[in-house]
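Report on one structure; see the data block that follows.
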Number of protein chains: 2
Amino acid sequence: MKINTKIRYGMRAMIDIANSQNPEGVLQKDIALHQDISLKYLDSIIAALKLKGLIANSKGKGSGYKLTRDPNEITVWDIYTAFEPTIIVDCIENKEFCNRSCDCKSRDYWIEFKKDLIELLSKKRLSQIIFDNNHTN
Amino acid sequence: MKINTKIRYGMRAMIDIANSQNPEGVLQKDIALHQDISLKYLDSIIAALKLKGLIANSKGKGSGYKLTRDPNEITVWDIYTAFEPTIIVDCIENKEFCNRSCDCKSRDYWIEFKKDLIELLSKKRLSQIIFDNNHTN
DNA sequence: AATTATCCTACCAATGTTATAGGATTTATA
DNA sequence: TATAAATCCTATAACATTGGTAGGATAATT
């Protein structure tokens, strides 16, 4: 299991946008600058977050990104699924994948595990991540 | 995030061994047969479980595999780490990976997430997986 | 019209996944 | 003591995923 670069960068982009004081939003190139991510690579990150409907902007010159909802209404699972639609356990995903799936204790476990993991990711909100201060106390 | 084939096969091999009534243990080739996994590929699965100390056998002809501990003392995390030593979030693994790590809310979150996930995998025991009967009630 | 900034498509090197193949080694037993 | 059973060990390889780069098209502001 690995949390990949897109998801981690996506999280940082979301935090960056959420933290912005500017009512006009944040420019992609400024996120790239703040977060030290290549503008071109950030292209695909932003596109995914936008497609998922977590952020929005207007087009053309001067278009800053803003969150579409309150940070309290955005979970880590929301951000995660902007990049990966699900948590992958091949034998769960397609029933035909394995012909013993109708009676497989292992598969039963993975189904339960996946549910628990999604719950774990869903309970944490962007607002909590932003306001947690672990370093000053 | 993905649960890969080795981990899934490893789990099934462990269940197979745990379920065996034979006091001599289970032959690798029989696990391959029961679980429909190629004998050769199973080689590497068994090797990893053995290296981790979860199963043991004697050498040569007639050497069946047995668990080294009670199924109640074996967690999913034990099995998981036979194949992957950790859950990977690159920016956590090496501190030098990212020079903003000393003040990164995102990184703070992933550290917490990883801890929670290991806890989730650690609380489930092989005995529970074997004895859960989800299909008959 | 020029500029800013995103949007879109294609490409690519490195790595990880999922195996297969061939033979060496070890030990029980006939 | 052969011989067969069974694992142990090393190499190879096709394929998919990851983590980007590159170039230009498009849209809106000034």
Side-chain angles (χ1 to χ4, degrees), chain A residues 1-13 17 22 24-52 55-66 80 82-91 93 97-98, chain B residues 1-13 17 22 24-52 55-66 80 82-91 93 97-98:
Chain A
M1 274 189 293
K2 185 176 178 177
I3 297 294
N4 66 27
T5 304
K6 288 212 171 188
I7 293 170
R8 282 185 290 111
Y9 286 7
M11 180 86 88
R12 279 162 53 194
I17 295 167
N22 191 341
E24 301 301 318
V26 194
L27 295 177
Q28 178 173 314
K29 72 159 191 179
D30 287 332
I31 300 173
L33 208 66
H34 303 154
Q35 300 296 330
D36 196 27
I37 300 169
S38 113
L39 187 60
K40 286 294 191 179
Y41 193 37
L42 190 59
D43 252 24
S44 56
I45 313 291
I46 292 287
L49 292 170
K50 194 174 174 180
L51 186 66
K52 188 75 199 298
I55 59 175
N57 67 340
S58 45
K59 285 189 173 177
K61 195 177 168 182
S63 64
Y65 284 100
K66 298 180 208 177
Y80 182 96
F83 302 98
E84 290 180 20
T86 188
I87 291 154
I88 298 161
V89 189
D90 283 329
C91 69
E93 262 49 78
F97 186 85
C98 170
Chain B
M1 277 190 292
K2 186 179 177 174
I3 298 294
N4 66 27
T5 304
K6 289 213 169 188
I7 293 170
R8 283 185 289 111
Y9 285 8
M11 180 84 89
R12 280 163 52 194
I17 296 166
N22 191 341
E24 301 300 318
V26 194
L27 297 176
Q28 179 174 312
K29 74 159 188 177
D30 287 333
I31 300 173
L33 208 65
H34 303 154
Q35 300 297 329
D36 196 26
I37 300 170
S38 111
L39 188 60
K40 288 294 192 180
Y41 192 37
L42 189 59
D43 253 24
S44 57
I45 313 291
I46 292 288
L49 292 170
K50 194 175 175 180
L51 185 67
K52 188 74 199 297
I55 58 175
N57 68 339
S58 45
K59 284 189 174 179
K61 196 177 168 183
S63 64
Y65 284 101
K66 298 178 208 173
Y80 182 96
F83 302 98
E84 289 181 21
T86 187
I87 289 154
I88 298 161
V89 189
D90 283 329
C91 69
E93 262 50 76
F97 186 87
C98 170

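Letters A, B, ... are given to chains in the order of the sequence lines, protein chains preceding strands, and every chain is numbered from 1. Since the model is a prediction, treat every value here as computed from it, not as a measurement.
Heavy-atom nearest nucleotides on DNA chain D were determined for Leu27(B) and for Asp90(B), and the one closer to the 5' end corresponds to Leu27(B).
A straight line from NZ of Lys66(A) to P of dT6(C) spans 15 Å, rounded to a whole angstrom. One interatomic measurement links the two molecules: CG of Leu39(B) to P of dA19(C), which rounds to 14 Å at whole-angstrom precision. Here the C1' atom of nucleotide dT18(D) and the CD1 atom of Ile88(A) are 13 Å apart, to the nearest Å. Counting to the nearest Å, the P atom of dT17(D) and the CG atom of Asn4(B) are 13 Å from each other. A straight line from CG of Leu51(B) to P of dC9(D) spans 10 Å, rounded to a whole angstrom. Atom C1' of nucleotide dC9(D) and atom CD1 of Ile45(B) are separated by 16 Å, given to the nearest angstrom. Atom pair Arg8(B):CZ and dA19(C):C1' shows a separation of 13 Å (rounding to whole Å applied). The distance from atom CD of Glu84(B) to atom P of dG16(C) is 11 Å, rounded to the nearest whole Å.
Ala82(A) and Ala48(A) get closest at one heavy-atom pair: O-CB, 3.5 Å. Among all heavy-atom pairs drawn from Lys40(B) and Asp43(B), the shortest one is O-CB, 2.9 Å. In terms of heavy atoms, Ile7(B) sits closest to Glu84(B) at CD1-OE2, 3.8 Å. Closest non-hydrogen pair, Val26(A) versus His34(A), comes out as CG1-CE1, 4.3 Å. For the residue pair Ala32(B) and Leu42(B), the shortest heavy atom distance occurs at N-CD2, 3.4 Å. Closest heavy-atom contact between Ile17(B) and Tyr65(B): CG2-O, 3.7 Å.
Across residues 28-37 of chain B, Gln28(B), Lys29(B) each have a non-hydrogen atom less than 4.0 Å from an atom of DNA chain D (numbered order).
When atom types are taken as modelled, the side chain of Gln35(A) and the backbone of Ala13(A) share no donor-acceptor pair closer than 3.5 angstrom.
Phe83(A) comes within contact range of no nucleotide atom at all, as no heavy-atom separation falls under 4.0 Å.
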Checklist entry - With the sugar-phosphate defined as primed atoms, P, OP1 and OP2, and the base as all remaining atoms, what B/S/- string results for nucleotides 20-30 of chain D, 5' to 3', for protein heavy atoms under 4.0 Å? => result BB-BB--BSBS
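The salt bridge (charged side-chain N to carboxylate O under 4.0 Å, His left out) pairs that include a residue from residues 2-11 of chain A are Lys2(A)-Asp90(B), Arg8(A)-Asp90(B), where partners are two or more places apart or lie in different chains.
With a 4.5 Å cut-off on side-chain heavy atoms, Ile46(A) and Ile31(A) count as touching.
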